[in-house]
Amino acid sequence: MRLNDRTLGFVINFLLGVAWAFVLIGAVSSFFSFYHTSMLFAVVSALIGTLPGLVAILLLEHIITAKEKLAELKKQTALLEELVKK
């Protein structure tokens, strides 16, 4: 994991796994619910079924990126303060 905090990293990894499971379950269950009607309708419903999981993945990745950005900004601030002192 890219995060320095081990507990937060564990929680984020766990939630990412759950979100990917929702993507898979949503796609498979939606597809098999409607494949007898029409193959095109089944594919479209599978794509729609994946949306909640994909939104959760995007949200978690945004959280990871924001935490990385904050850590990088803290490093840059420390370096700039060190340069000012010299």
Side-chain angles (χ1 to χ4, degrees):
M1 186 80 229
R2 300 173 294 221
L3 298 175
N4 293 335
D5 187 10
R6 293 182 56 84
T7 55
L8 181 63
F10 175 76
V11 170
I12 295 282
N13 273 334
F14 179 75
L15 291 175
L16 276 172
V18 169
W20 278 112
F22 276 128
V23 168
L24 183 65
I25 291 169
V28 171
S29 65
S30 296
F31 181 81
F32 284 126
S33 294
F34 297 108
Y35 82 97
H36 55 83
T37 306
S38 167
M39 189 57 87
L40 178 65
F41 188 64
V43 170
V44 169
S45 68
L47 290 174
I48 291 172
T50 62
L51 289 178
L54 290 176
V55 168
I57 290 169
L58 286 175
L59 179 67
L60 290 167
E61 288 293 333
H62 176 71
I63 291 170
I64 291 170
T65 304
K67 294 291 278 183
E68 286 178 341
K69 184 178 178 182
L70 178 64
E72 188 65 31
L73 286 173
K74 285 182 179 180
K75 288 179 191 175
Q76 289 177 4
T77 302
L79 288 173
L80 286 173
E81 286 175 353
E82 186 178 314
L83 284 173
V84 167
K85 288 180 183 177
K86 289 182 179 182

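Heavy-atom basis, side chains included; hydrogens, waters and symmetry copies ignored. When a residue number appears, it is its place in the shown sequence, counting from 1. For clarity, every value in this text was computed on a predicted model and none was experimentally measured.
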Peer 1: Measure across A46 and A27 and return the closest heavy-atom pair with its distance rounded to 0.1 Å.
Peer 2: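 Closest approach of A46 to A27, heavy atoms only: CB-O, 3.5 Å.
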Peer 1: Testing K74, E68, Q76 one by one against E72 for a side-chain contact (heavy atoms from CB on, under 4.5 Å), which residue passes?
Peer 2: Q76
Peer 1: Do the side chain of S45 and the main chain of S30 share a donor and acceptor less than 3.5 angstrom apart?
Peer 2: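 Here the side-chain-to-backbone pair exists.
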Peer 1: Of I57, L51, V55, V28, which meets side-chain contact (heavy atoms from CB on, under 4.5 Å) against V23?
Peer 2: I57
Peer 1: Quick check: is I63 connected to L15 through a chain of hydrophobic side chains (ILVMFWY, heavy atoms under 4.5 Å apart)?
Peer 2: yes
Peer 1: Distance from L83 atom CG to E81 atom CD, nearest 0.5 Å?
Peer 2: 10.5 Å
Peer 1: Can you measure from NZ (K69) to OG1 (T65) and round to the nearest 0.5 angstrom?
Peer 2: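 With rounding to 0.5 Å, NZ (K69) is 10.0 Å from OG1 (T65).
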Peer 1: Mind checking whether F32 and Y35 have parallel, tilted or perpendicular rings, split at 30° and 60°?
Peer 2: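 The rings of F32 and Y35 stand perpendicular, inter-plane angle above 60°.
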Peer 1: Do I48 and F41 share a hydrophobic cluster (ILVMFWY, side-chain heavy atoms under 4.5 Å, transitive)?
Peer 2: no
Peer 1: What's the separation between atom CG in N13 and atom CZ in F10, rounded to the nearest 0.5 Å?
Peer 2: 8.5 Å
Peer 1: Got a second to check how far L59's CG is from I64's CD1, nearest 0.5 Å?
Peer 2: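 Between L59 CG and I64 CD1, I get 10.0 Å after rounding to 0.5 Å.
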Peer 1: By the definition side-chain contact (heavy atoms from CB on, under 4.5 Å), identify the one residue from V18, I12, V11 that meets it with F14.
Peer 2: V18
Peer 1: With rounding to the nearest 0.5 angstrom, report the CZ to CG distance, F34 to L40.
Peer 2: 13.0 Å
